[in-house]
Amino acid sequence: MTTMTEASVREFKMPDVGEGLTEAEILKWYVQPGDTVTDGQVVCEVETAKAAVELPIPYDGVVRDLHFPEGTTVDVGTAIISVDVGGGSAAPAPAAEQPAAEQPAAAAPAEEPKTAGSGRQPVLVGYGVATSSTRRRPRKGPEVPVQQASTAIQTELNGHAPTAPAPAPAAAQAAPAGPDRPLAKPPVRKLAKDLGVDLTTVVPTGPDGIITREDVHAAVAAAVPVAPEPSVASAPATAPASYDTARETRIPVKGVRKATAAAMVGSAFTAPHVTEFVTVDVTRTMKLVEELKADKEFAGLRVNPLLLIAKALLVAIRRNPDVNASWDEAAQEIVVKHYVNLGIAAATPRGLIVPNIKDAHARTLPQLAESLGELVATARDGKTSPAAMQGGTVTITNVGVFGVDTGTPILNPGESAILAVGAIKPQPWVHKGKVKPRQVTTLALSFDHRLVDGELGSKVLADVAAILEQPKRLITWA
């Protein structure tokens, strides 16, 4: 690792991710050492427990070093990239900021990220940077030459050292046989303990010889007798997030999936859930969808049944405002919201996320269609910001896209209701006294029974069903 003692070098730290989160995984680097960067330029993409976001650098200069490879989970407040600002706009850090006894390899204090000159705002903000206990350890003694380090690794793997010229006596005395305790972060140590892996037998691939999660997984995979494959220990640091054994596949739970799991468990065992169901003829709604597609007011917009279902739910909430509320356990109060931030559950490659449309109640139907289109496109690209997933008041989950008739959805924490929409398909239905094929779907409404009783929940669900059966009520009930 390059020693960073020059006054012109700036260390950019992993910014605060907010919402109590303390770490993020580096998904991709967009720059490499030697590249020139400018203030506001995106240098990497990281994934938090909320979403994947891009990080802009707040300096002008030349990239000196990337401290972590792709796929590494880094604590908030830990330096991830160093930039030599040289004669750039960033002023050198005062010498008083560095302790006098600091080792050469210790990370220099970094400035807080500022607003990018290009207009890009800092993408990760919240409750302040958490104190990190994972600061890189200073080297003890002189640096070990690359040849000696390679010899030590080969000795550990093969049981004997390769033939090589004898090193000078002084160098041999300066190079220790190895640390008494392998370098690894607490989460990695816990993972190794859970999997029964002895860290002293793991070959590290992280910076400064730190053992990563991928190293532990590779050690487990290498211990299973399977068909001969290339050595796992030689795999790059950007190894896949999962690994296969002869009979099973293990996938580390992290990022969005980990946060979703924790939230759902907390919700299921905190809020008393009640779910009600109704099956409704939506033939007229489907006809209206086709008519709106041809309307010039919706030119360039995506019109689908979800648009009218969302509008129907907003009208039902306006008619029954007490359902749009949350439970304040500390104050023992019910907080009724006079606005609707409508959440739309979206399945992405990184897991289920629920971004929401702010002030959806105040949007016209074309505006709602535009917002839905943007929300879906952003989620599909994995670019949903943490702010877009905060502050939701009620949610829609469309399980019908998977061909599922219905389900019992779990509330998002802090919300009192969630509507599940099943598949819309032709079914025999009694219409005007005769059995005819009609477009039918099943709706399911889960609600928090602490603040939504059976009467209120039933009214909301009945109103949504009535609007979808007779969409002209969008006008008469407006």
Rounded to the nearest 0.5 angstrom, the SG-CG distance for C44 and L66 is 9.0 Å
Looking at G391, is its backbone amide N or carbonyl O close enough to the side chain of N341 to form a donor-acceptor pair, meaning the two atoms are under 3.5 Å apart? yes
What is the minimum heavy-atom distance between P56 and G40, and which atoms define it? CB-O, 3.5 Å
Do V340 and V394 have side chains that approach each other closer than 4.5 Å (heavy atoms only, starting at C-beta)? yes
Between E11 and S82, what is the shortest heavy-atom contact and its length? OE1-CB, 3.4 Å
Test item: D215 side-chain N/O and T205 main-chain N/O as donor-acceptor pair under 3.5 Å: yes
Would you be so kind as to tabulate the donor-acceptor pairs closer than 3.5 Å made by side chains of residues 313-325, with sequence neighbours excluded?
residue, atom, partner, partner atom, Å
R318, NH2, W477, O, 3.4
R319, NE, D463, OD2, 3.0
N320, ND2, A316, O, 2.9
N320, ND2, D463, OD2, 3.0
N324, OD1, T393, OG1, 3.0
N324, ND2, K337, O, 3.0
N324, ND2, Y339, O, 2.5

Which heavy atom of F447 sits nearest a heavy atom of L411, and at what distance? C-CD1, 3.9 Å
Enumerate donor-acceptor pairs with a distance under 3.5 Å from any side-chain N or O in residues 370-382 to protein atoms, sequence neighbours excluded.
residue, atom, partner, partner atom, Å
S371, OG, R363, NH1, 3.0
S371, OG, Q367, O, 3.1
T378, OG1, E374, O, 2.8

Side-chain donor or acceptor of T72 paired with backbone N/O of F68 under 3.5 Å: no
Nearest-0.5 Å distance that lies between atom NE2 in H361 and atom CG in L368: 12.0 Å
Is a donor on one side and an acceptor on the other found under 3.5 Å between the side chain of R64 and the backbone of P33? no
From L55 CG over to Y30 OH, what is the distance, rounded to the nearest 0.5 angstrom? 10.0 Å
So do the side chains of L443 and V464 get within less than 4.5 Å of each other, counting heavy atoms only? yes
For N412, does its backbone N or O pair with a side-chain atom of E415 as donor and acceptor, under 3.5 Å? no
Could you check if a side-chain atom of I334 sits within less than 4.5 angstrom of a side-chain atom of W327, using non-hydrogen atoms only? yes
Inter-residue atom distance I418.CD1 - T397.OG1, 0.5 Å rounding: 5.5 Å
Run the side-chain contact (heavy atoms from CB on, under 4.5 Å) check on F277 and L461 step by step: do they pass? CA-CA 8 Å; F277 307 89; L461 186 57; 5.6 Å; no
Rounded at 0.5 Å granularity, tell me how far CD in E25 sits from OG1 in T73. 4.5 Å
Less than 4.5 Å apart, any side-chain heavy atom of I309 and any of L468? yes
Indicate yes or no: does K293 engage E290 in a salt bridge with an N to O separation below 4.0 Å. yes
Approximate separation, where rounding is to 0.5 Å, of K358 NZ and Q390 CD: 7.0 Å
What are the two closest non-hydrogen atoms of I424 and P305, and how far apart are they? CD1-CB, 3.9 Å
Counting C-beta onward and ignoring hydrogens, is there a side-chain heavy-atom pair between L301 and L292 closer than 4.5 Å? no
side-chain contact (heavy atoms from CB on, under 4.5 Å) between T285 and L288, worked out: CA-CA 5 Å; T285 290; L288 180 56; 5.6 Å; no
Flag side-chain contact, heavy atom, 4.5 Å: L342 against N356: no
side-chain contact (heavy atoms from CB on, under 4.5 Å) between V354 and M389, worked out: CA-CA 6 Å; V354 188; M389 292 183 286; 5.9 Å; no
Derivation and outcome, salt bridge (charged side-chain N to carboxylate O under 4.0 Å, His left out), residues K459 and E455: CA-CA 6 Å; K459 285 183 176 180; E455 179 185 11; 3.4 Å; yes
Over all heavy atoms of both residues, which pair between I396 and A310 is shortest? Give the atoms and the distance, please. CD1-CA, 3.6 Å
Could you tell me whether the side chain of D359 and the main chain of A362 form a donor-acceptor pair under 3.5 Å? no
In sequence, state the C-alpha distance, the side-chain angles, and the governing distance for K383 and E54, and then conclude on side-chain contact (heavy atoms from CB on, under 4.5 Å). CA-CA 8 Å; K383 303 300 182 182; E54 295 178 334; 3.3 Å; yes
Donor-acceptor under 3.5 Å (D65 side chain, H67 main chain): no
Check: D328 side chain, A331 main-chain N or O, donor-acceptor pair, under 3.5 Å: yes
Spell out, as yes or no, whether a donor-acceptor pair under 3.5 Å connects the side chain of H449 to the backbone of V452. yes
For R302, I'd like to know if atom CZ has over 12 heavy atoms of other residues, nucleotides or ligands within 6.0 Å. no
For residues T275 and S446, is any side-chain donor paired with an opposing acceptor at under 3.5 Å? yes
Atom of F402, atom of A347 and distance for their closest heavy-atom approach: CZ-CB, 4.4 Å
So, does D39 use its side chain to make a donor-acceptor pair with the main chain of D60 at under 3.5 Å? no
Determine whether V37 and V62 make a side-chain contact, defined as any pair of heavy atoms from C-beta on separated by less than 4.5 Å. no
Do I81 and V31 have side chains that approach each other closer than 4.5 Å (heavy atoms only, starting at C-beta)? yes
